[in-house]
Trainee: 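Let me begin by handing over the structure; questions about it come next.
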Amino acid sequence: MSDRAPRLAGRCLPVRHFGSVDVFLEAIERSHPGDVLIVDNQGRTDESCVGDLVALEAKAAGLSGIAIWGLHRDTRDLRDIGLPVFSLGALPAGPKRLDERRRNTFSSAEFGEHTIRTRDTAFGDEDGLIFVQEDRANEVLMHALQIRDVERSQASRIRLGTTLRDQVDFSAYVQARRSDPQLTLREHLRRVGGTVEV
């Protein structure tokens, strides 16, 4: 929610919301600098669960950001605070419920189809969030850097006049598909050493 593109990276600090901010304060009490508060509000769109006070508290504790499977509020204040906040959107109304806490309140959080645990790492930028298991974080980062380097090179060559179609020999791919309809662009790109998100 900052004016610049929000970016975050850090160890996940999951918490399940049941209608009261005390779970966020308790999670922050357990946090380490650089953690990302992962809030499971069940993807609800009838209430917001994080506002300026929680964001200020998270920033004061040295957290690197907040990711909410649900909605936030106080958008202008969140921008001023400058802590990256990712959510499904904004709604001014906070919760009117207070559900019973469960035993797994701080051990995991659901985020869409994913179950996030404290051993996971979150990465976020203007395109969204990804979650990676801790033991695979370095592998994923190395792969992402390789893709970035190839795509930057491809973009530079396009600017200099060599189309992407020429770089990846797209006409050869189209011709090869005539004899092998099962051939995918992804397979062709592996053969020619190119990359494009497909």
Trainee: Which residues, ordered by chain and number, are linked to V132 in its hydrophobic cluster, where ILVMFWY side chains connect at heavy-atom gaps below 4.5 Å, directly or through other members?
Mentor: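 The other cluster members (ILVMFWY side chains, heavy atoms under 4.5 Å, direct or chained) are F123, I130, V140, L141.
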Trainee: Do you know the tightest heavy-atom contact between R191 and L183?
Mentor: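 For R191 and L183, the tightest heavy-atom pair comes out as NH2-CD1, 3.7 Å.
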Trainee: If you round to the nearest 0.5 Å, how far is CG of D80 from CG of L56?
Mentor: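 Here the interatomic distance stands at 10.0 Å.
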Trainee: Can a donor-acceptor pair be found, under 3.5 Å and without considering hydrogens, that links the side chain of H188 to the backbone of R177?
Mentor: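 Not at all, since once roles are kept as given, no pair shorter than 3.5 Å links the two residues.
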Trainee: For L78 and H72, work out which heavy atoms get closest and say how close.
Mentor: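 It is CD1-CD2, 3.6 Å.
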Trainee: Where do L63 and S31 come nearest, in terms of heavy atoms and distance?
Mentor: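 Scanning both residues completely, I find the closest heavy atoms to be CD1-OG, 3.3 Å.
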Trainee: Less than 4.5 Å apart, any side-chain heavy atom of S107 and any of T118?
Mentor: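 Not touching, per the 4.5 Å side-chain cut-off.
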Trainee: According to a 4.5 Å side-chain heavy-atom criterion applied to Ile, Leu, Val, Met, Phe, Trp and Tyr, with indirect links allowed, do V21 and I66 form part of one hydrophobic cluster?
Mentor: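 V21 and I66: one cluster.
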Trainee: Identify the two heavy atoms, one from N41 and one from G70, that lie closest to each other, and give their separation to 0.1 Å.
Mentor: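 Looking at all heavy atoms of both residues, the shortest contact is CB-CA, 4.4 Å.
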Trainee: Please enumerate all residues that pass salt bridge (Lys or Arg N to Asp or Glu O under 4.0 Å) together with R136, with sequence neighbours excluded.
Mentor: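 Testing R136 for salt bridge (Lys or Arg N to Asp or Glu O under 4.0 Å), a comparison that skips the adjacent residues, returns E139.
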Trainee: Got a sec, which hydrophobics cluster with L145, joining ILVMFWY side chains under 4.5 Å apart, including via others?
Mentor: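 Via sub-4.5 Å side-chain contacts, L145 links to M142.
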Trainee: Backbone N or O of G34 within a donor-acceptor pair of the S64 side chain at under 3.5 Å?
Mentor: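 Flag set: sc S64 to bb G34 pair under 3.5 Å.
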Trainee: Once you round to the nearest 0.5 Å, how far does CD of Q182 lie from CD of E187?
Mentor: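 Separation between the atoms: 9.0 Å.
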Trainee: Distance from R101 atom CZ to H17 atom NE2, nearest 0.5 Å?
Mentor: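 R101 CZ to H17 NE2: 10.5 Å, rounded to 0.5 Å.
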Trainee: I would like to know whether V150 and Q146 meet side chain to side chain contact (heavy atoms under 4.5 Å, CB included); could you show each step before the answer?
Mentor: CA-CA 6 Å; V150 169; Q146 290 171 344; 5.7 Å; no
Trainee: Any luck finding a side-chain donor-acceptor pair between S108 and R16 under 3.5 Å?
Mentor: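 The criterion, which ignores hydrogens and geometry beyond distance, is satisfied for R16 and S108.
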Trainee: Look at the side-chain heavy atoms of Ile, Leu, Val, Met, Phe, Trp and Tyr, link any pair under 4.5 Å apart, and say whether L25 and V50 land in one connected group.
Mentor: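 No, separate clusters.
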Trainee: Under 3.5 Å, side chain of E110 to main-chain N/O of D40, donor-acceptor pair present?
Mentor: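 Checked: no pair found.
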Trainee: Which of these passes side-chain contact (heavy atoms from CB on, under 4.5 Å) with F24: V15, L13, L53?
Mentor: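 Among V15, L13, L53, the one that satisfies the side-chain contact (heavy atoms from CB on, under 4.5 Å) with F24 is V15.
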Trainee: Distance-only, no hydrogens or angles: does the S48 side chain make a donor-acceptor pair with backbone N or O of L91 under 3.5 Å?
Mentor: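 Flag set: sc S48 to bb L91 pair under 3.5 Å.
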Trainee: Got a second to check how far R102's CZ is from E100's CD, nearest 0.5 Å?
Mentor: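 R102 atom CZ to E100 atom CD measures 9.0 Å (nearest 0.5 Å).
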Trainee: How many angstroms lie between CG in L189 and CZ in F170, if you round to the nearest 0.5 Å?
Mentor: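 It is 9.5 Å, given to the nearest 0.5 Å.
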Trainee: Is the CG atom of N138 crowded by more than 12 outside heavy atoms at less than 6.0 Å?
Mentor: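 It does not: N138 CG has 12 such atoms or fewer within range.
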Trainee: Are any side-chain N or O atoms of D120 and backbone N or O atoms of R117, one a donor and one an acceptor, separated by less than 3.5 Å?
Mentor: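 Indeed, once roles are kept as given, a pair shorter than 3.5 Å links the two residues.
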Trainee: V23 and F106: which non-hydrogen atoms are nearest, and at how many Å?
Mentor: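 Looks like O-CE2, 3.3 Å.
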Trainee: Look up atom CD in Q154 and atom CD1 in I147, then write down how far apart they are to the nearest 0.5 Å.
Mentor: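 Result: 10.5 Å between the selected atoms.
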Trainee: Which heavy atom of T121 sits nearest a heavy atom of E134, and at what distance?
Mentor: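 What the structure gives for the nearest pair is OG1-CA, 4.3 Å.
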Trainee: Do you reckon V36 sits in the same ILVMFWY cluster as L88, going by side-chain contacts under 4.5 Å, direct or chained?
Mentor: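 The answer is yes; both residues are in one hydrophobic cluster.
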Trainee: Look at R11 together with D35 and state whether they make a salt bridge at an N to O cut-off of under 4.0 Å.
Mentor: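 Yes, R11 and D35 are salt-bridged.
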Trainee: Find out whether W69 and I116 are in side-chain contact, i.e. whether some heavy atom of one side chain is under 4.5 Å from a heavy atom of the other.
Mentor: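 Sidechains of I116 and W69: no contact.
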